[in-house]
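No hydrogens, no waters, no symmetry mates; every other heavy atom, side chains included, goes into these values. Chain identifiers are assigned alphabetically (A, B, ...) following the order of the sequence lines, protein sequences preceding nucleic acid strands; residue numbering begins at 1 within each chain. The shown structure was predicted, so the numbers you read here are calculated from the model rather than taken from an experiment.
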Amino acid sequence: MFTMIRAIKGIKDILPDQLPRWNVVEGAAHRLARCYGFREIRIPIFEITELYIRSIGGTTDIVEKEMYTFNDRDGTSLTLRPEGTAGVVRAIIEHGLANNPATRKLYYIGPMFRHERPQAGRFRQFNQFGVEFIGSTSPKADVEVISLLWRFFSTLALPSITLEINSLGQPPERQRYKAVLLTYLQGKIDRLCGNCQRRMEFNPLRVLDCKVMECRAVTESAPSLIDYLSTSAQHFKDVRAGLEDLGIPYSLNSRLVRGLDYYSMTTFEVTSSSLGAQNTIGAGGRYDGLFEVLGGKSTPAIGFAVGLERVISILPESAMPLPNPLVFIAGFGNRGLPASFRLLEALRSKGVTAETDHYGSSLKNLLRLADRLGASFTIILGDEECMQGQVLLRNMYTKEQETIPLNSAPDVLANRLKTPNSP
RNA sequence: GUGGGUGUAGCUCAAGGGUAGAGCGCCUGACUGUGGCUCAGGAGGCUGCGGGUUCGAGACCCGUCACUCACCCCA
């Protein structure tokens, strides 16, 4: 006996029972993104490692300890993509897409990889739906992107969701604020948790994000970044006004600090209290500096990414459409069995979802199977029916049966199922 | 990387150191050509794995692996 091989830790199969949910969510993503003028792009699953180091930032957790990195045969370091923006921006630069107004709004759907310890809502392979709107510094672009994000969640009727926004300012503003914040924190350093004391050295903004009660108390009265905005203050005001104008509910969260280095100015995050500790279902922000970092011409941009596993885990039943009505063919007997197989093919050629059982077992078993498969109708076709050129059409909900000619059965069914009767 | 919880039938879970069980699901029959309900019967287990304590371990101890939740971090 060989030992059983299991899927890799933190990497999940998506089984047939779950797939309709994925289709609904991905369908909404495609439909709404196109509706907002975004076009799909598909980029590679893996890239040169350097791409992610430069874009995400060398001191972030993602780059330091979460990437799936391996050497190609010639020794080149490659990495499975931990997020989508870096690859999209690389493709935009490589193909000059920023020069064409028709390719400045892009979206993608696909798997990302991070070597983290799995937990509720966190996986080593997970799927993201993301959009990137490049070439515009206008606050209207920010509003458009956030509006799409909000509409996506609203359309899916996700429960208890909250939108929070903040502005990180432009690099000089943030630099100035960091100094102010550090001075404030230095006086209270002994009250901070060990983690935050370390954060003060390499990323003081993250102290604001700490969940430890004592740290929160310390930062409660800390100076707020928003008060230190100068060049980007008006932009942020316009974004807020734009959201209010469209009736998109948000709250201001000056502690909202995104983890990736490339964010600047507007940042936002949508959470759901229906999830566990990993409650962010979508987040994003502006990243005006990224193109230059990746060797492109300076280009403003804003985007978001949505965690599809998390969305699907809280997707309400009400968002699910009724499944296709199924016709089950119960054929048996020396004549009925071959005739039923021809009928099966004829039904399918008319686009009717049809299924049968090839064992030719008893009618009782066939009907039970039809029931288990959730059939709306069962066609009974035994030797008697076959010789008379007829079939019995049984409505599985009402148990009504009627006799119809064998050769007109496909048309009758195709016609009747145009208006599916729900269970 | 750190900490907690849990590993027993396909699934959900019982079994105070003394014969491994239930519910659901599956198969068969009652009903030889009519599903769901009911009733009767049946199949299905190296109790995650390896050691130890004991007359005796699913249970207790040690190790290990897996799953899971949380920290960290993030979508």
Side-chain angles (χ1 to χ4, degrees), chain A residues 1 3-10 12 17 56 59-66 81-85 109-130 149 153 193-196 198-199 203 206 209-212 256-260 263 268-272 275-285 303-314 328 330-333 336 357 360-386 392-401 423:
Chain A
M1 253 301 257
T3 53
M4 184 177 71
I5 295 177
R6 309 173 53 98
I8 301 166
K9 182 199 288 287
K12 301 292 186 187
D17 280 350
I56 298 168
T59 62
T60 57
D61 278 18
I62 292 178
V63 169
E64 277 187 341
K65 49 195 186 194
E66 294 175 2
R81 62 184 189 193
E83 56 101 44
T85 299
I109 296 176
M112 308 297 165
F113 305 84
R114 290 182 200 171
H115 189 108
E116 300 182 273
R117 192 76 171 265
Q119 136 185 16
R122 194 170 69 183
F123 314 94
R124 289 186 173 178
Q125 175 175 336
F126 59 100
N127 289 275
Q128 286 189 334
F129 156 49
L149 180 65
F153 295 141
C193 69
N195 228 321
C196 282
R198 268 182 288 117
R199 282 179 179 135
N203 196 347
R206 293 217 69 88
D209 212 21
C210 188
K211 287 171 191 157
V212 178
L256 183 59
V257 179
R258 311 259 66 245
L260 284 59
Y263 285 120
F268 50 93
E269 179 172 273
V270 177
T271 55
S272 170
L275 259 55
Q278 309 298 322
N279 61 358
T280 303
I281 52 177
F304 67 65
V306 169
L308 295 183
E309 279 80 359
R310 292 179 187 176
V311 168
I312 279 157
S313 75
I314 58 171
F328 187 88
F332 52 96
D357 171 73
S361 49
S362 70
L363 178 57
K364 180 191 186 64
N365 280 340
L366 290 166
L367 276 168
R368 175 161 45 211
L369 187 53
D371 190 48
R372 292 294 142 82
L373 295 176
S376 302
F377 291 97
T378 296
I379 290 177
I380 297 170
L381 179 47
D383 288 345
E384 286 179 29
E385 288 80 9
C386 197
L392 282 176
L393 178 60
R394 180 179 178 85
N395 182 316
M396 294 299 280
Y397 307 115
T398 65
K399 299 172 100 160
E400 283 173 315
Q401 290 189 172

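Between B/rU2 and B/rU12, the two P atoms lie 29 Å apart (nearest whole Å).
Distance from the side chain of A/Ala277 is smallest to B/rA70 among B/rA70, B/rU34, B/rC72. Closest approach to the A/Arg114 side chain among B/rA75, B/rC73, B/rC27 is made by B/rA75 (side chain taken as heavy atoms from C-beta onward). Taking every side-chain heavy atom of A/Lys12 into account, B/rC67 is the closest of B/rC72, B/rA75, B/rC67.
For A/Glu385 against B/rG33, a side-chain-to-base donor-acceptor contact under 3.5 Å is present. A/Glu64 contributes no side-chain N or O that forms a donor-acceptor pair with the base of B/rC73 under 3.5 Å. Residue-to-nucleotide contacts include no donor-acceptor pair under 3.5 Å from the side chain of A/Arg372 to the base of B/rC26. No hydrogens or angles were tested; on distance alone, nothing pairs the side chain of A/Arg6 with the base of B/rC65 as donor and acceptor under 3.5 Å. Contact annotation: side chain of A/Arg117 to base of B/rU2, donor-acceptor pair present below 3.5 Å. No hydrogens or angles were tested; on distance alone, a donor-acceptor pair under 3.5 Å links the side chain of A/Arg122 to the base of B/rC73.
Atom NZ of A/Lys364 and atom P of B/rU34 are 8 Å apart (whole Å). Between the CZ atom of A/Phe328 and the P atom of B/rG35 there is a distance of 14 Å, given to the nearest Å.
Comparing A/Asp61 and A/Ala370 by the nucleotide of RNA chain B that holds the closest heavy atom to each, the one mapping nearer the 5' end is A/Ala370.
In this structure, A/Phe332 does not count as stacked on the base of B/rG33 under the 5.5 Å centre distance and 30° plane angle limits.
Ion pair A/Asp209/A/Arg206 flagged as a salt bridge, since at least one NZ, NE, NH1 or NH2 atom sits closer than 4.0 Å to an Asp/Glu carboxylate oxygen.
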